[in-house]
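Everything below concerns the one structure shown next.
It should be emphasised that the depicted structure is a prediction, and the values quoted were computed from it without experimental measurement. Numbers here are sequence positions counted from 1.
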Amino acid sequence: MRVAVTYEDGQIFQHFGHTEQFKVYDITDGVITSSEVVDTNGSGHGALAGVLSALQVDALICGGIGGGAQAALAAAGIKLYGGVSGEADKAAEALAAGSLEFNPDIRCSHHDHHHGQEHTCGEHGCGDHNHCRDHH
């Protein structure tokens, strides 16, 4: 399994669309076998999913992420672990061990609601309220 983390100075960078680096980890049998820092070369928002696809990444750990980027990742078949903060290496280790805590509803995703978690859109839920979509 290959996992990318939005990366800055050892920490998980909190804005996916503005990240300048990813740290990419190769995980085998629950253990990180290698890692490297990859520059995004100034790619923004939509292009970043292409960067991750080119790196053959299976999953992304990040902080905040907008709806358009989520859709691009989903289209590329990349699993999203959003709403994560702290040290990049620790998050990758936790994911490898199966213990990463993440927010599946980061930025009010309109699909894959499961396990009955509370949504983060206020009291109106995620229905058809436009204020939930496409925060920039």
Each residue besides Phe13 in its hydrophobic cluster should be listed here, by chain and number; the cluster joins Ile, Leu, Val, Met, Phe, Trp and Tyr at side-chain heavy-atom distances under 4.5 Å.
none

Working to the nearest 0.5 Å, report the span between [atom1] of [X] and [atom2] of [Y].
| X | Y | atom1 | atom2 | value |
| --- | --- | --- | --- | --- |
| Gln70 | Leu60 | CD | CG | 10.5 Å |
| Lys79 | Met1 | NZ | CE | 9.0 Å |
| Glu36 | Phe22 | CD | CZ | 12.5 Å |
| Gln11 | Thr6 | CD | OG1 | 10.5 Å |
| Phe16 | Leu80 | CZ | CG | 8.5 Å |
| Lys90 | Leu100 | NZ | CG | 13.5 Å |

Does a side chain donor of either Asp26 or Thr33 reach within less than 3.5 Å of an acceptor in the other side chain?
no

Scan side-chain atoms only and decide if Tyr25 and Asp89 contain a donor-acceptor pair under the 3.5 Å cut-off.
yes

Determine the minimum heavy-atom distance between [X] and [Y], stating which atoms define it.
| X | Y | answer |
| --- | --- | --- |
| Lys23 | Ser35 | CE-OG, 3.6 Å |
| Leu52 | Ala4 | CD2-CB, 3.5 Å |
| Ala49 | Ile78 | O-CD1, 4.3 Å |
| Asn103 | Gly83 | CB-CA, 4.3 Å |
| Gly63 | Gln14 | CA-OE1, 3.3 Å |

Shared hydrophobic cluster for [X] and [Y] (ILVMFWY, side-chain gaps under 4.5 Å):
| X | Y | answer |
| --- | --- | --- |
| Tyr7 | Tyr81 | no |
| Ile65 | Val57 | yes |
| Val37 | Leu55 | no |

Would you say [X] and [Y] make side-chain contact, with heavy atoms under 4.5 Å?
| X | Y | result |
| --- | --- | --- |
| Glu87 | Ile12 | no |
| Val3 | Ile61 | yes |
| Val24 | Arg2 | yes |

By salt bridge (Lys or Arg N to Asp or Glu O under 4.0 Å) - contacts of Asp39 (at least two apart)
none

